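What you see is a predicted model; the values in this text were computed from it and never measured.
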Amino acid sequence: QVWAWHRGRIPKMVRMLDLMMCIFPFEAPLFQEAGLRTEFVGHPLVDEIASIRKEGVREPSLVGLFPGSRNREIDRHFPVFIEVVSRLSRERPELSFETAASTEALAERMRGMARKAGMPPELFHITVGGYHELMDRAAVGVVASGTATMEAALHRLPYTLVYKVPLLTYWMARMLIKIRFIGMVNILAQKPVVKELIQFDFTPDKVIGEIERLLVPENRDALLKEMPKVRADLGYPPLVTPSSQIVGSMATMNVVLGRYKMIPKEVRDIVRGKYGRTPGPISEELKKLVLKNGEQPITHRPADDIAPQM
């Protein structure tokens with residue numbers, strides 16, 4: 001993410017790359033100005049979330065809490081979440097609270113922290129997997145910075161962004177990163193659509209305040225009005241050139257130039273029939289070259305094969 005810091009790497013990328021495929025719209029001009037052929041292909045999460053999102057399942061009293069998927073994120077964020085649940089469950093007994101860990105190990109880590117804090121397990125439901133479903137069901141959310149914040153926006157979940165890092169890391173980031181926001185929704189909108197509670201602002205009091213603010217229908221609706229704009233900025237509807245077509249065109253160009261080794265392995269696998277489909281305008285010349293270089297066609301598709309996302 002050179003657009004956020006260390007833009008000095010761009011000239012090296014220009015020398016090394018034939019093509020840059022960008023998933024954020026503001027990236028393309030940055031590389032184009034440096035002389036690198038660049039295509040905005042849209043973010044793969046747009047189609048992915050659209051295919052699994054469920055309508056009409058919101059639970060008006062459910063608060064979804066998403067502390068992150070790494071041990072260190074759990075260790076820094078979950079104690080605050082526990083305090084938030086402890087206080088809000090007393091002040092707002094009609095509310096329920098749920099989190100979805102990415103693995104059983106992380107779920108047990110969270111359960112252990114909750115037990116140590118003396119929290120009854122029925123107050124804070126900790127599950128394994130299903131965080132996409134939780135984003136569809138929750139009325140509001142508190143989401144650790146990262147890909148999950150874009151997923152929350154695409155699920156149309158009103159949420160507050162939170163994050164905390166070691167103090168030295170925080171001060172170094174403040175010196176290096178030259179952007180106003182850290183959440184992609186706010187970066188795309190160029191304004192504070194989603195409240196960001198970072199480092200010293202990430203406190204139980206402020207998180208509780210944001211949850212209560214977003215539980216007010218007018219505030220929640222105002223945030224939700226911004227969500228379709230985020231989806232459009234990420235490449236929906238698909239008005240951009242699909243990345244598979246671009247890769248196919250580049251692969252065909254490399255055939256013309258006789259550069260077999262520069263054809264991406266994923267493209268060679270698709271040409272061989274591994275995934276039962278071919279991306280974009282891949283020519284017969286490309287197919288002949290791949291097979292000529294000792295790669296045999298695959299006549300069946302193993303059940304556990306998953307086509308690469310391109």
Side-chain donor or acceptor of [X] paired with backbone N/O of [Y] under 3.5 Å:
X    : Y    : result
N186 : P192 : no
R220 : L214 : yes
Q199 : V165 : yes
E104 : V128 : no
E73  : S69  : yes
T127 : A101 : no

Are [X] and [Y] side-chain neighbours, meaning at least one heavy-atom pair lies under 4.5 Å?
X    : Y    : value
V85  : L65  : yes
L215 : R92  : yes
F124 : V84  : no
L106 : I74  : yes
T147 : M184 : no

Counting only heavy atoms not in [X] (residues, nucleotides, ligands), do more than 12 fall under 6.0 Å from its [atom1]?
X   : atom1 : result
E91 : CD    : yes
R87 : CZ    : yes
R58 : CZ    : yes

Carboxylate-amine/guanidinium proximity below 4.0 Å for R53 and E151:
no

Nearest-0.5 Å distance, [atom1] of residue [X] to [atom2] of residue [Y]:
X    : Y    : atom1 : atom2 : value
I198 : I182 : CD1   : CD1   : 3.0 Å
E83  : D205 : CD    : CG    : 8.5 Å
K195 : R213 : NZ    : CZ    : 8.0 Å
K164 : S145 : NZ    : OG    : 15.5 Å
L161 : D201 : CG    : CG    : 11.5 Å
E98  : L62  : CD    : CG    : 5.5 Å

Please name the pair of heavy atoms, one in [X] and one in [Y], separated by the smallest distance, quoted to 0.1 Å.
X    : Y    : result
K54  : D136 : N-OD2, 3.0 Å
S89  : S86  : OG-O, 3.0 Å
A148 : M135 : O-CE, 3.4 Å
I126 : R111 : O-NH2, 3.3 Å
V194 : V185 : CG2-CG1, 3.9 Å
A152 : Y159 : CB-CD2, 3.7 Å

Quick one: sort the [X] and [Y] rings into parallel, tilted or perpendicular, breaks at 30° and 60°.
X    : Y    : result
F24  : H43  : tilted
H77  : F202 : perpendicular
H132 : H155 : tilted

CA sep, side-chain torsions, deciding dist, call: E212, L88, side chain to side chain contact (heavy atoms under 4.5 Å, CB included):
CA-CA 9 Å; E212 292 187 321; L88 268 181; 3.9 Å; yes

Working note: I211 + V207, criterion side chain to side chain contact (heavy atoms under 4.5 Å, CB included); need CA distance, chi angles, decisive distance, verdict.
CA-CA 6 Å; I211 290 173; V207 172; 4.0 Å; yes

The single option from L157, T149, T99 that satisfies side-chain contact (heavy atoms from CB on, under 4.5 Å) with F66 is L157

